[in-house]
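Heavy atoms only: backbone and side chains are in, while hydrogens, waters and symmetry mates are out.
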Amino acid sequence: MSTKRVVRYNTLVLETLQSRLDSSPQSEFSECRLFDTDGSKYLLQREQDSPNVFRVSFSLAGFADNVAVSTNLIPISHVLQARHESICRVSVGQGTYQVKFEILCDRLLGLERAQQLNLLQSIASVRADVLCWRLRQQLTALKAGAAPQHETLVIYSKPGQPILVKQNQDDCLVVFPIWLPDGPSRAYTNAFIQGFAESRRLGASGDAPQCSFTAGPAPVPVPTSVQEYVNEAKGGFVSIVVLPRHVKESTLDEFVWTLLSFHDHVQYHVKCFKALIHSRMRKRMQSMTLELGQAKTNKREVLAAINTN
């Protein structure tokens, strides 16, 4: 995995939280809605009759009927409440907004800037926390040597894109079904996936998890609840083997989020590869146009010389 710091939140959400929290209680701000890239929503509120309370409500998009994801909300709220108990109240709500924060502004503003930023980053990262919870628990148990062997777990990073997790005695196998897009992107995606798996297999260091590619069938048993989705994965399966030495408490959150973001990683690099190919094609076309123009100029000069003679 990359050694760069992985950002688990939308920076725009964090900056807006900071600016709204720093605004004067007497300002005209009373309500603000933010939308994350996946459609998740934030509702920011500060009422005139209670200016010391800054309310933030969060709604996770696409998983309203998904019990496996919804059940993560309660333990996440307990963790956040214990972490920021003195300055923030965290609760799980019903309806549109599932997680609600009530920040006590006087206590928050009395803290150092780094502590304030820590709370706001926790709020901005709640989407990642909810999605990562089950895989994080599995890897934590693997590190402790207490991971029970079980049937294949289904974890989601996006609606309709299940990730298969099989816990073994000595490792954890994370399997990513690959859905190929229609059109020219299909060939780009297929080439990138196979090249990625091959490069990781040949150049993997001792600190990096082993990676492999399987054209099909799935390398782990597929639960019937996601059989239909997995059958549509015509691009094969990428498997990453996580060992206990790969699990480090200091970077566990970033590590899990990097795993769950694998499909976004593929999509990003496929788009970059297409842009590179198109750029090379444009440069080649410009070069050919210049050569044709030069040839026409030379032809006119030759004809003019013949006519003169």
Side-chain angles (χ1 to χ4, degrees), residues 4-23 29 31-46 52-63 69-94 96-140 155-158 247-261 264:
K4 294 182 179 180
R5 185 70 176 179
V6 177
V7 178
R8 302 169 61 246
Y9 51 81
N10 188 323
T11 54
L12 178 60
V13 172
L14 178 62
E15 292 171 1
T16 306
L17 285 170
Q18 289 177 308
S19 63
R20 296 299 185 180
L21 189 61
D22 291 340
S23 63
F29 159 69
E31 185 174 292
C32 175
R33 286 181 170 84
L34 300 175
F35 291 85
D36 211 333
T37 53
D38 68 332
S40 296
K41 297 182 292 185
Y42 285 85
L43 175 62
L44 282 56
Q45 295 174 307
R46 175 184 275 172
N52 187 48
V53 179
F54 183 78
R55 294 182 174 87
V56 181
S57 303
F58 171 76
S59 174
L60 182 65
F63 294 102
V69 174
S70 300
T71 52
N72 298 344
L73 294 170
I74 295 178
I76 287 297
S77 66
H78 291 166
V79 170
L80 294 176
Q81 179 65 64
R83 187 184 303 169
H84 306 291
E85 184 175 10
S86 61
I87 53 178
C88 180
R89 293 190 291 267
V90 186
S91 60
V92 176
Q94 300 293 330
T96 304
Y97 295 95
Q98 297 123 339
V99 183
K100 298 182 179 180
F101 302 86
E102 289 189 358
I103 304 173
L104 304 178
C105 297
D106 56 347
R107 297 184 183 180
L108 179 65
L109 297 177
L111 300 176
E112 297 180 358
R113 193 64 180 179
Q115 294 174 302
Q116 297 179 19
L117 184 62
N118 184 33
L119 170 62
L120 298 183
Q121 286 179 343
S122 294
I123 296 175
S125 302
V126 66
R127 167 176 165 262
D129 287 335
V130 172
L131 296 178
C132 291
W133 178 257
R134 295 187 73 191
L135 182 55
R136 192 186 195 283
Q137 294 299 101
Q138 294 299 318
L139 297 185
T140 300
I155 295 175
Y156 290 88
S157 59
K158 288 183 178 180
V247 182
K248 301 176 182 178
E249 183 63 31
S250 59
T251 58
L252 182 56
D253 289 333
E254 289 81 2
F255 179 74
V256 174
W257 183 242
T258 300
L259 287 174
L260 290 190
S261 303
D264 292 331

Chemist: Once salt bridge (Lys or Arg N to Asp or Glu O under 4.0 Å) is applied, what residue pairs with a partner in residues 7-18 remain, sequence neighbours excluded?
Modeler: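 Of all non-adjacent pairs touching residues 7-18, those that pass salt bridge (Lys or Arg N to Asp or Glu O under 4.0 Å) are R8-D129.
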Chemist: R46 versus R55: any side-chain heavy-atom pair under 4.5 Å?
Modeler: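 No, too far: nothing below the 4.5 Å cut-off.
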Chemist: Give every residue pair that meets the salt bridge (Lys or Arg N to Asp or Glu O under 4.0 Å) criterion with at least one member in residues 107-122, sequence neighbours excluded.
Modeler: D22-R113
Chemist: Looking at residues at least two apart in the chain, or sitting in another chain, which of them share a side chain to side chain donor-acceptor pair (under 3.5 Å) with S59?
Modeler: none
Chemist: Answer yes when R33 and E31 have at least one side-chain N-carboxylate O distance shorter than 4.0 Å, and no when they do not.
Modeler: yes
Chemist: Side chain of Q116, backbone of L111: donor and acceptor closer than 3.5 Å?
Modeler: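 Pair found, side chain donor or acceptor close to backbone of L111.
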Chemist: If every non-hydrogen atom of G39 is compared with every non-hydrogen atom of A61, which pair is closest and at what distance?
Modeler: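 Closest heavy-atom pair between G39 and A61: C-CB, 3.4 Å.
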Chemist: Could you go through the side-chain contact (heavy atoms from CB on, under 4.5 Å) check for F255 and L139 one step at a time?
Modeler: CA-CA 10 Å; F255 179 74; L139 297 185; 3.8 Å; yes
Chemist: Starting at CD of Q98, measure out to CG of N72 and round the result to the nearest 0.5 Å.
Modeler: 11.5 Å
Chemist: Measure the shortest side-chain to side-chain distance between L17 and I123 over non-hydrogen atoms and say whether it is less than 4.5 angstrom.
Modeler: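 SC-SC contact between L17 and I123 confirmed.
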Chemist: In chain order, what residues pass the salt bridge (Lys or Arg N to Asp or Glu O under 4.0 Å) check against R136, with sequence neighbours excluded?
Modeler: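 Scan of R136 (salt bridge (Lys or Arg N to Asp or Glu O under 4.0 Å), adjacent residues dropped) gives E249, D253.
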Chemist: Within this structure, what is the NE2-CD distance for the pair H84 and Q115, rounded to the nearest 0.5 Å?
Modeler: 10.5 Å
Chemist: Kindly write out the residues that satisfy side chain to side chain contact (heavy atoms under 4.5 Å, CB included) with S77, not counting sequence neighbours, or none if the list is empty.
Modeler: V90, V92
Chemist: Can you list the residues that meet the side chain to side chain contact (heavy atoms under 4.5 Å, CB included) rule with L117, with sequence neighbours excluded?
Modeler: L14, Q18, Q121
Chemist: Is the shortest heavy-atom distance from the side chain of V247 to the side chain of T140 under 4.5 Å?
Modeler: no
Chemist: Can you list every salt bridge (Lys or Arg N to Asp or Glu O under 4.0 Å) pair that touches residues 69-86, not counting sequence neighbours?
Modeler: none
Chemist: For the CD atom of Q45 and the CZ atom of F101, what is their distance to the nearest 0.5 Å?
Modeler: 14.0 Å
Chemist: Do the side chains of F54 and L44 get nearer than 4.5 Å, heavy atoms only?
Modeler: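 Side-chain contact under 4.5 Å: yes.
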Chemist: Y42: which residues meet the ring-ring contact (aromatic ring centres under 6.0 Å, His included) condition with it, sequence neighbours left out?
Modeler: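 In terms of ring-ring contact (aromatic ring centres under 6.0 Å, His included), with neighbours along the sequence ignored, Y42 is linked to F58.
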Chemist: Any side-chain to backbone donor/acceptor pair from S19 onto T16? Under 3.5 Å, distance only.
Modeler: yes
Chemist: If I take atom CZ from residue R127 and atom CG from residue N10, how far apart are they, to the nearest 0.5 angstrom?
Modeler: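 The CZ atom of R127 sits 8.5 Å away from the CG atom of N10.
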Chemist: Looking at CG of L260 and CG of L135, how far apart are the two atoms once the value is rounded to the nearest 0.5 Å?
Modeler: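 Reported to 0.5 Å precision, the distance equals 5.5 Å.
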Chemist: Measure across Y9 and A124 and return the closest heavy-atom pair with its distance rounded to 0.1 Å.
Modeler: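 Residues Y9 and A124, closest heavy atoms: CB-O, 3.3 Å.
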Chemist: Can you sort out the partners of K158 under salt bridge (Lys or Arg N to Asp or Glu O under 4.0 Å), two or more places apart, ordered by chain and number?
Modeler: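 By the salt bridge (Lys or Arg N to Asp or Glu O under 4.0 Å) rule, K158 matches D264.
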Chemist: Could you grab the distance from atom CG of L60 to atom OG of S40, nearest 0.5 Å is fine?
Modeler: 4.5 Å
